Amino acid sequence: MALVVKKFGGSSVATTEKILAVAERILGEKKPEDKIVVVVSAMGDTTDELIALAEGIDKEPYKATYLREMDMLLTTGEQISISLLAMAFQKFGQAAISLTGSMVGVKTNSVHTKGKILDINPERVLEELNKGKIVVVAGFQGADNLGDPVTLGRGGSDASAVALAGALHADECEIFTDVDGIYSADPRIVKTARKMTEITYREMLEMARLGAGVMQPRSVEIGHYFNIPIHVRSTFSDKIGTVIREAYTLEDTYFEIRGVAHDRNVAKIAILGVDNTPGIAHKIFSALADANISVDMIVQSIRNLDKNITDMVFTIEKSDLSMAKKVIDKIAEKINASTVLVEEDVAKVSIVGAGMVGSPGVAAKMFGALARAGVNIDIISTSEISVSCLIKGSQLVEAVNSVHDEFFRD
Ligand code: ASP
Ligand code: MG
């Protein structure tokens, strides 16, 4: 017997025909003794449509006062898909029940629209599985200690599925999506991108954090924590996809880098002419943290040796820009900064791979590839297993291709 959690994303359940096809596929593969939990996202672009509805009330629906109501609204998307999928199973003679995040005991913090799962009490799920039912669970949602709905950030159904797999001690978590696995770069941009059979949690987390859209970073972290193998595969074929796990199980494990990730959801903010004194960075970044805005690359540069003045440059997610602007304008006034500059035509290209530890010259190779493509590097940042460069957004496609060609030539 296997206990498996299967997650289907929005594009996999975009229409009622597709929902019926998902039910048929699951039943076609299910052995009688298998216990199956299916986590689903909202149908197609439902979440975007719900946000657009809210924009009809106020053009800025992500203001602090609205966040709880946004969650009340957004959680309805997944309620539509779970009920329809449970009905589809029943139509084919399979007992099934749909459950919301709060009904399956997904306990979250109270950070509305960007919540984190704190705990899952899967008793109800186990009860229903033991009655022989397929349990269909709404992804992307849980409830805080007041019982209020909280969503887990865009793409959060992955986190729901992996966390549920962890709480249930499932044998595997399968993520069904519209691509057939994890590639060495986004295949929509890089024609020669290669599909991987396996990737480690650490590398996948870094790829996801640096913009590879296939998996939400948080979900990879959760998978690592519970040590649940995550199989990313296509909804529309039965080909094996990519398994994310602790360590490689195949022979061929030498790679200089594992992949090239890119991120367009980046904006750069420069606060010019701030005092080079203790406490300034703290003031700026704690104000951003209080507004729940995460900062990525940070550079502080001394541009004038005799005057003790510095510039603070950093990047945030483009989607946080309007909120960040407000926070920064206030702080800039307080700390007497001369200018605040915002640049939106920026993007980040990164290389990732555990193999680069102790292999000098990898970063230089990347910079060479960017130079050959005529791409200027604005900011560089590194981690133990990655190197990232901030570049002009309009040059992203050339940059990603040139870097990928450099490392993946046969
Ligand atoms: N429906 C949510 C979204 O579009 C969650 C998900 O798809 O994972 O972000
Ligand atoms: Mg979605």
Side-chain angles (χ1 to χ4, degrees), residues 5-16 18-19 22 37-55 61-62 66-85 98-102 104 106 108 111-117 120 136-143 149-166 173-179 182 204-205 208-209 211-223 230-236 241 244 263-265 292 317-320:
V5 175
K6 296 171 185 272
K7 181 254 170 178
F8 289 84
S11 53
S12 310
V13 293
T15 61
T16 46
K18 286 184 172 167
I19 291 177
V22 163
V37 176
V38 189
V39 173
V40 279
S41 301
M43 293 170 72
D45 296 326
T46 302
T47 306
D48 292 321
E49 287 157 16
L50 292 170
I51 294 168
L53 263 185
E55 284 167 354
Y62 282 95
Y66 298 144
L67 295 180
R68 180 189 179 278
E69 303 314 324
M70 283 303 284
D71 277 348
M72 190 60 91
L73 177 67
L74 296 183
T75 48
T76 63
E78 272 69 13
Q79 282 195 49
I80 296 172
S81 46
I82 53 169
S83 53
L84 294 174
L85 181 57
S98 65
L99 298 171
T100 64
S102 78
V104 300
V106 178
T108 64
V111 184
H112 285 290
T113 75
K114 288 184 181 179
K116 282 211 165 99
I117 297 175
I120 297 186
V136 185
V137 176
F140 180 52
Q141 55 174 266
V150 174
T151 61
L152 307 174
R154 297 306 306 269
S157 300
D158 290 343
S160 306
V162 179
L164 202 51
C173 182
E174 287 178 297
I175 305 282
F176 290 88
T177 178
D178 49 3
V179 293
I182 315 275
M204 189 60 226
L205 178 60
R209 193 179 71 76
V214 190
M215 289 287 293
Q216 200 208 28
R218 179 81 188 133
S219 60
V220 182
E221 235 164 39
I222 298 170
I230 304 171
H231 184 176
V232 179
R233 59 192 305 190
S234 169
T235 308
F236 310 111
I244 310 169
D263 194 353
R264 294 179 204 273
N265 184 19
N292 248 306
E317 289 178 26
K318 206 173 268 167
S319 41
D320 282 338

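Model, not experiment: these values are computed from the prediction. Whatever order the structure lists them in is the order used to number ligands and atoms, beginning at 1. Positions are given from 1 along the sequence.
- I19 places a side-chain heavy atom less than 4.5 Å from the side chain of M43.
- Annotation: K318, atom NZ; neighbour count of heavy atoms from other residues, nucleotides and ligands within 6.0 Å is above 12.
- Comment: R233 engages E174 in a salt bridge, judged by a side-chain N to carboxylate O separation of less than 4.0 angstrom.
- Between the side chain of S83 and the main chain of Q79, a donor-acceptor pair closer than 3.5 Å is present.
- Between K114 and D320, at least one side-chain N (NZ, or NE/NH1/NH2) sits under 4.0 Å from a carboxylate O, which counts as a salt bridge.
- Within the structure, the closest approach of G156 to ligand 1 falls below 4.0 Å when heavy atoms are considered.
- Atoms of ligand 1 found under 4.0 Å from any heavy atom of S41, numbered from 1 in the order shown, are 6 (C), 7 (O), 8 (O).
- Within the 4.0 Å heavy-atom shell around ligand 1 one finds G155.
- For ligand 1, the atoms closer than 4.0 angstrom to any heavy atom of R154 are 3 (C), 4 (O), 9 (O).
- An N or O contact shorter than 3.5 Å is missing between D158 and ligand 1 by distance.
- Each of the atoms 1 (N), 2 (C), 5 (C) of ligand 1 lies under 4.0 Å from some heavy atom of E78.
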